[in-house]
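Below is one structure, written out as structure tokens, with a few remarks after it.
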Amino acid sequence: MKYVLKKLLSCIITLFIVSFLVFAAFALIPGDPALSKLGTNATQAALDAMRHKMGLDRPFLVRYFTWLFDAVRGNFGNSYSYSMPVASLILDKIPITLTLMVYSMILMVVISVPAGVYASYKEDTPVDRVIQIANQIVMAIPPFFSGILITLFFGIVLKLFTPGGFVSLNANPLKFLGFMFFPALAVALPKSAMVFNLLYTSLNGEKKKDYVRTAYSRGNRSKTVFFSHMLKNASIPTITFLGMAFADMIAGSIIIEQVFGIPGLGRILLTSIQNRDYPVVTGIIMLIAVTVIISNMIVDIIYKIVDPRVDA
Amino acid sequence: MRSKKRDFNFILGICLLAITLIPAFVGLFWTPYDPEKMDYSMKLAGISIRHIYGCDNFGRDVFSRIMSGSGITLLIAVGTVLFGSILGTVIGCFTGYYGGLIDECLMRINDVALAFPSLLLALVIVSLMGTGKYQVMLALGLAFIPSYARIVRGEYLRIKNLDYVKAAKLAGASDMRIMFVHILPNTKTVLFSSVLIGFNNAILAEAGLSFLGIGVQPPDASLGRMLSEAQAYMFTNPSYVLFTGCTIVMLILGFSLLSKAKRWQ
């Protein structure tokens, strides 16, 4: 419990630092949001009025704390280009991107864990070697290219889905999930290659340890030793990686959304970057930061539960 | 068995890199066609003897474009890795050697930055600085600093308590001399393999950014940029998208096999 509180505290401090850095970065860049909103022929008086209305004429720290207190309450200001609150803009898209991420997470575990366990169980057999080679190749395929390959193969050759035919969740949940399977696969594949590698290496590392030899010498069947002793120990680094992979999947999803034409958070982030719509960009970045930091905290806590020897 | 497999990594890695790097270097001086020359009669032409990889939507020769595109991708990768590794090494040196409050603060920020996917970090930096070849290099370089800083710092923490460093200190060597003359050469094994992996990540990240349209801007064409253009025409001319994508895969596979080769261990 003390550990959880300690983690929570350090989590809040980290978030504070991140929020300050993000805000400072976007507040200090050249360019005047009032000018870009009103256009270059605006009069000086109109500009001053707009700056006052947007709160740009106040001192930096005042602006930061106002922004922070608003942000904590879920108010990220108004988007410049969509002229609607950033929060509702983002909130609309969260289910789409979140579905993609959770879906990919599930696929990643479903693909990599059995493959890793099986390959390690069959170490140094032809099956193992084939899986190894396939793994090397999958790891080298960037997610956007695997997305394109999946579109070509499943969409055009096998005609299992319509490329670019995104169906919204409210329109048809079943079709939505069916369509999302393919982008999720594209996000999951490179990551599952990494999970596979990690699990495989740590399983093979366990094989040489004393406790495994002891377990064998006590007459346990090799399957029992493998699944109930080794797998448990080998899963610890994998769990940590899964947490990191979750953070990475945000980046993966943003790219894959572009490949498959999914109107999620990634698309808004990209258009906002191109339009220099900073309230939206800061809002989404803060959302991602919170997700990353919280998922890391959860991983640390799970790690502690699985392996109480860990000191932090 | 194991050593044989590792050497196989080295040979295959070199072969794959030769296939991709030689055309890229040749492309700096000569390409079969002008990569920017448009020829509408050849629009989206398939594979032929004159255009071995076919043509794109403007009738430009894909092979020539891949040759010059890989050059830009590699240029960005080299710039990124140099920038990130040099600054990261310097930060890692000082924080690892001196420790203290600054180390504490910098590593806290470092941990946060590391937890962030480097592509997202680069995305933030690009959105602050604008798009283009050099901006991408700077953005990715900055995004790569934390990982190098962490690696080098770890090495310094380990090495600074070794006997030979203590001896150098007793002999009156200055901190700077110990840091850069005595310790730095001993981090080279670790640095070398992380530089190779860094190449990989840089190619991947650049391709990702350019694919999203916020990396390299036309008329410059990097592999990621070409892939995003090719994606729109993958139904009519799949060879364009396949050749471009495979070049990226071969580059990444080549570097990752090379970094796993036995002779660096």
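Proteins come first, then strands; the chains are lettered A, B, ... in the order of their sequence lines, and each starts at number 1.
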I need the minimum non-hydrogen distance between [X] and [Y], along with the two atoms involved.
X: A/F145; Y: B/V249; answer: CD2-CG2, 3.6 Å
X: B/G208; Y: A/I255; answer: CA-CD1, 4.0 Å
X: A/P142; Y: B/I248; answer: CG-CG2, 3.8 Å

**Item:** Spacing of CE belonging to A/M139 relative to CG belonging to B/L257, to within rounding of 0.5 Å
**Value:**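 It comes to 9.5 Å.
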With a 4.5 angstrom heavy-atom cut-off, could you sort out which part of [X] is near chain B: side chain, backbone, both or neither?
X: A/L269; value: side chain
X: A/I17; value: side chain
X: A/S295; value: neither

Do any N or O atoms from the side chain of A/Q136 and from the backbone of B/L253 form a donor-acceptor pair under 3.5 angstrom?
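Side chain of A/Q136 to backbone of B/L253, a donor-acceptor pair under 3.5 Å: no, none is there.
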With the side chain counted from C-beta on, respond yes when B/F211 and A/V259 share a heavy-atom pair under 4.5 Å apart, and no when they do not.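 With C-beta onward as the side chain, the pair touches.
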message = Is there a side chain to side chain contact (heavy atoms under 4.5 Å, CB included) between A/L152 and B/L242? Walk through the geometry before answering.
response = CA-CA 10 Å; A/L152 270 177; B/L242 286 178; 4.0 Å; yes
| field | Heavy-atom contact with chain A under 4.5 Å, split by part of B/I125 | value |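 For B/I125, there is no contact with chain A at all, as no heavy atom is under 4.5 Å.
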Next item on the list: Could you tell me which portion of B/L123 (side chain, backbone, both or neither) has an atom closer than 4.5 angstrom to a non-hydrogen atom of chain A?
Entry: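 Both parts, backbone and side chain.
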(message) Does B/I102 have more than 12 heavy atoms from other residues, nucleotides or ligands lying within 6.0 Å of its CD1?
(response)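 Check fails, neighbour count at 12 or below.
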Under a 4.5 Å cutoff for heavy-atom pairs, which residue among B/L227, B/I203, B/T244 has the most contacts with chain A?
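The candidate making the most pairs under 4.5 Å is B/L227.
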